[in-house]
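All remarks here apply to the structure that follows.
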Amino acid sequence: MKINKFYIGFIAILMILLTACNESILDKNPLDRISDNLLWGDVNLADNYLQAVYNSSLNGAFGYLSFAALTDEAHDTHSFGTQNYLKGNISSSNTEPFGNWAFNYTTWEVMYRNIQKLNIFLSNIEKVPDSYPEAEKATITEKIEVMKGEAIFLRAFCYAQLARNYGGLIIVTDPFRIGDDYLSLKRSTFKETIDFISQECDLAASLLHPKAEMEMGRATIGSALALKSRILLFAASDLTADGTAENEYVGYQNADRNALWTAAKNAAKAVLDLGTYELENFGDPDQVAKNFYNFFLAKDLSSKEIIWGKMFLKDVGSRNQMNLINGTNGFVMYGCNAPTGNLADAFQMEDGSNFTTHYQVDDNGYYSNVSQKYNSQNIYYNREPRFYATILHDSAVWQKRFPNLAERDPIGIYDRRTRIIIENGQEISRIFGIDTRQGPVDPDDGTYTGYTFKKYLDDKVYGTESNNNENVWIEMRFAEIILNYAEACLGLNETDEAATYINLIRNRGGLPDFTGDITTALRHERQIEFVHEDIRWYDIRRWKILDQALVDATGVDIIEITNKDENTVTTTYRQIIVQERGPVQKKMYWVPIPIDEINRAPQLIQNPGY
């Protein structure tokens with residue numbers, strides 16, 4: 001019998017959990033694993049099962065490759081298959097980077113494996129009270145109702161991750177069992193899939209408690225409603241609702257756009273109206289950079305801005321190795337996901353004007369100051385606060401060096417410039433920056449772009465294989481809901497309301513109200529506010545702007561020349577191309593269902609272009 005690859009994972013789980021045979025010698029509890037009777041007869045064991053699914057369902061961008069590297073946000077120094085997608089070569093037989101070991105946390109196989117585990121949980125959890133004395137049953141029943149809400153939320157989350165990648169899905173709410181006819185399974189339409197996820201979010205919210213009444217990291221009313229806001233905004237957007245979807249599996253047919261935007265607005269408003277969440281106050285503009293940076297170093301999820309996320313310990317459970325993976329090679333870290341020059345140049349100036357109003361790139365690639373306001377040739381001066389909280393740029397103060405380099409760099413800067421000394425008309429010295437790809441430490445792990453992420457990196461952690469981060473991953477936060485609401489209002493032509501909420505984010509970030517086109521302003525705020533939060537790839541797809549966003553990735557080459565003959569020091573900043581991208585193809589708006597799945601279940605309809 002042919003069974004899809006991801007079903008094999010399901011069956012492995014089932015074989016652990018299925019009740020043993022009736023023969024007396026096999027009718028005993030197994031010694032090497034927990035039997036069904038024990039698992040579904042103990043609320044604590046059942047909860048341990050649920051916690052394991054939490055762990056496998058939510059990973060975040062803490063891996064060697066994140067969604068940022070599939071956008072204009074980042075370039076992955078070690079590729080991990082990104083070029084396959086970015087050059088338009090992705091196919092059903094070569095889905096890289098999706099499915100690459102470094103990037104499989106939202107894939108078809110992984111998410112459906114989690115869904116199977118959750119279906120097993122939901123089909124058995126109501127058995128738990130039967131094992132308890134009558135006096136305890138009411139209390140246990142109350143607990144499992146909340147646990148059901150958690151499982152329904154997690155299942156909706158897994159389906160939402162899949163829907164945003166693949167479109168219409170196979171909707172299953174019962175566990176697969178040995179002998180099931182998998183060839184009868186069909187993809188639901190995109191509309192059916194979104195309706196299902198939305199309904200699941202409502203059901204979960206009806207069973208869950210507010211954040212204050214739940215253990216940190218668990219699902220809450222707010223997380224269920226926030227997930228609904230996220231998926232309904234995706235559904236209302238151009239990719240799936242502008243009438244050009246190629247089939248019913250990747251968009252609506254004859255969509256009522258006004259109704260979709262209204263549903264998205266109401267979903268975001270439901271979170272706003274809870275009164276549970278609020279934006280963190282990052283203080284005056286001169287304090288924003290420090291406080292915005294520190295927000296992402298939180299060790300728990302207690303902030304009123306955080307709706308849902310994942311916590312980590314150094315030595316127990318899942319590991320957060322953000323510093324090791326994305327930190328600078330000058331500290332023997334891997335420099336994987338690196339900010340692009342495209343992203344660095346997207347950050348505005350401190351007065352809210354565009355960087356390109358003041359600095360332009362000439363025909364030879366050099367940045368030149370054309371500003372009527374700012375005098376410095378240094379392209380990193382006078383930038384908005386979030387720039388300094390998000391990106392490590394040349395000469396930014398970072399970490400104290402290891403002893404062997406402390407004399408050369410006593411301050412501990414991010415050192416990306418090449419220093420040349422000229423005397424008697426000759427170059428007498430050329431020293432590459434410590435953190436460059438030609439530097440003295442681990443050059444192969446130096447980023448090509450000249451930048452490293454600062455956001456989510458802990459300046460107190462010197463990442464090694466055994467020295468892990470403890471800061472949280474924030475999957476959903478209130479700022480996303482505010483901009484979801486603003487975008488839905490904009491879709492309904494409620495521009496004044498949209499502007500109010502866009503400016504909430506700008507003002508909190510130390511910037512004045514936006515000027516100019518409101519759609520441009522909203523998209524800019526989402527780009528800057530949510531850097532490295534696994535949001536940008538979904539945004540540029542649902543806005544149908546891949547051709548604008550997936551241009552060649554740029555970086556910067558910085559040369560400082562000390563001319564002793566003339567007693568001058570000049571520094572130049574030159575834009576370089578670090579990765580050629582495109583041409584964008586229409587198929588790139590969706591991920592293909594892997595060919596193995598299609599071959600084993602030929603009734604599944606493949607996504608357009610594959």
Side-chain angles (χ1 to χ4, degrees), residues 61 63-110 161-168 187 190 234 237-240 242 244-247 249-251 336-343 346 447-449 523 527 534-555 575-599 604-610:
Y64 289 82
L65 174 63
S66 76
F67 277 102
L70 299 186
T71 75
D72 46 1
E73 278 186 1
H75 166 254
D76 195 292
T77 303
H78 305 292
S79 185
F80 293 114
T82 54
Q83 196 77 352
N84 189 55
Y85 172 78
L86 293 167
K87 294 292 288 182
N89 295 323
I90 187 171
S91 66
S92 60
S93 58
N94 182 6
T95 62
E96 290 226 323
F98 300 91
N100 184 290
W101 68 268
F103 188 62
N104 64 359
Y105 57 94
T106 66
T107 57
W108 184 275
E109 179 179 355
V110 170
Q161 297 288 71
L162 286 169
R164 294 189 299 161
N165 287 359
Y166 301 96
R187 285 181 76 177
F190 181 79
F234 184 91
S237 300
D238 287 350
L239 177 62
T240 55
D242 70 356
T244 64
E246 292 190 54
N247 61 41
Y249 300 106
V250 293
C336 289
N337 300 283
T340 59
N342 315 65
L343 174 63
T447 72
Y448 288 89
T449 66
R523 293 182 177 185
Q527 178 183 14
D534 272 3
I535 288 178
R536 179 70 173 165
W537 186 67
Y538 296 104
D539 280 353
I540 61 177
R541 288 173 51 239
R542 64 186 184 82
W543 293 332
K544 295 175 68 173
I545 61 167
L546 287 187
D547 56 333
Q548 300 171 40
L550 296 187
V551 295
D552 292 346
T554 66
Q575 186 181 84
I576 59 174
I577 302 298
V578 300
Q579 185 181 45
E580 293 182 353
R581 297 176 170 184
V584 168
Q585 299 179 42
K586 195 172 183 179
K587 68 178 182 179
M588 293 165 64
Y589 280 96
W590 296 99
V591 181
I593 299 172
I595 191 64
D596 287 348
E597 304 293 349
I598 297 293
N599 288 341
L604 296 180
I605 304 298
Q606 180 59 276
N607 279 334
Y610 298 108

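When a residue number appears, it is its place in the shown sequence, counting from 1.
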Kindly compute the distance separating [atom1] ([X]) from [atom2] ([Y]), expressed to the nearest 0.5 Å.
| X | Y | atom1 | atom2 | result |
| --- | --- | --- | --- | --- |
| Ile545 | Arg523 | CD1 | CZ | 5.5 Å |
| Asp552 | Ile576 | CG | CD1 | 12.5 Å |
| Ser93 | Ile598 | OG | CD1 | 12.0 Å |
| Thr107 | Leu162 | OG1 | CG | 8.0 Å |
| Ser66 | Asn337 | OG | CG | 4.0 Å |
| Leu239 | Ile540 | CG | CD1 | 11.5 Å |

Donor-acceptor pair, [X] side chain versus [Y] backbone, under 3.5 Å?
| X | Y | result |
| --- | --- | --- |
| Thr449 | Ala338 | no |
| Asn84 | Glu96 | yes |
| Arg187 | Ile605 | yes |
| Thr95 | Ser92 | no |
| Tyr166 | Trp108 | yes |
| Asp76 | Ala69 | no |
| Gln83 | Glu580 | yes |
| Gln606 | Ile593 | yes |

Six-ring centre of Trp590, Arg541 cation under 6.0 angstrom, axis tolerance 45°:
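Relative to the ring axis of Trp590, which defines the angle, Arg541 lies inside both limits.
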Would Arg542 and Phe234 count as a cation-pi pair here, with the cationic atom under 6.0 angstrom from the ring centre and within 45° of the axis?
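Geometry flag: not set, cation outside 6.0 Å or 45°.
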Would you check if [X] and [Y] make a side-chain contact, meaning some heavy-atom pair closer than 4.5 Å?
| X | Y | answer |
| --- | --- | --- |
| Glu246 | Lys586 | yes |
| Pro97 | Leu65 | yes |
| Leu546 | Tyr589 | yes |

For Ser237 and Lys544: C-alpha separation, side-chain torsions, deciding distance, then whether side-chain hydrogen bond (donor to acceptor under 3.5 Å, both in side chains) applies.
CA-CA 9 Å; Ser237 300; Lys544 295 175 68 173; over 6 Å; no
Please report the shortest heavy-atom distance between [X] and [Y], naming the atom on each side.
| X | Y | value |
| --- | --- | --- |
| Gly251 | Phe190 | N-CB, 3.5 Å |
| Asp72 | Ala549 | CB-O, 3.2 Å |
| Asn104 | Gly99 | CB-CA, 4.2 Å |
| Phe80 | Cys336 | CE1-SG, 4.3 Å |
| Thr447 | Thr77 | CA-OG1, 3.7 Å |
| Val250 | Thr240 | O-CG2, 3.7 Å |

Under the side-chain hydrogen bond (donor to acceptor under 3.5 Å, both in side chains) test, which residues partner Arg581, sequence neighbours left out?
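Listed in chain order: Gln579.
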I'd like to know whether Thr106 forms a side-chain hydrogen bond (donor to acceptor under 3.5 Å, both in side chains) with Asn165, so could you lay out the CA-CA distance, the side-chain angles of the two residues, the decisive distance to 0.1 Å, and finally the verdict.
CA-CA 8 Å; Thr106 66; Asn165 287 359; 2.9 Å; yes
Gln585: side chain to side chain contact (heavy atoms under 4.5 Å, CB included) partners, not counting sequence neighbours
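Checked Gln585 against side chain to side chain contact (heavy atoms under 4.5 Å, CB included); matches are Lys587, Met588.
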Can you name the side chain to side chain contact (heavy atoms under 4.5 Å, CB included) partners of Thr554, sequence neighbours left out?
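Counting only residues at least two positions away or on another chain, Thr554 forms a side chain to side chain contact (heavy atoms under 4.5 Å, CB included) with Asn342, Gln575, Ile577.
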Residue pair Asp534, Tyr105: steps toward the side-chain contact (heavy atoms from CB on, under 4.5 Å) verdict
CA-CA 12 Å; Asp534 272 3; Tyr105 57 94; 2.6 Å; yes
Trace of the ring pair (Phe, Tyr, Trp, His ring centres under 6.0 Å) decision for Trp537 with Phe98:
CA-CA 13 Å; Trp537 186 67; Phe98 300 91; 5.6 Å; yes
Ring centroid separation Phe103 to Tyr64 under 6.0 Å
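Centroid separation for Phe103 and Tyr64: 6.0 Å or greater.
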Given Leu550 and Leu86, is the side-chain contact (heavy atoms from CB on, under 4.5 Å) satisfied, shown in steps?
CA-CA 7 Å; Leu550 296 187; Leu86 293 167; 3.9 Å; yes
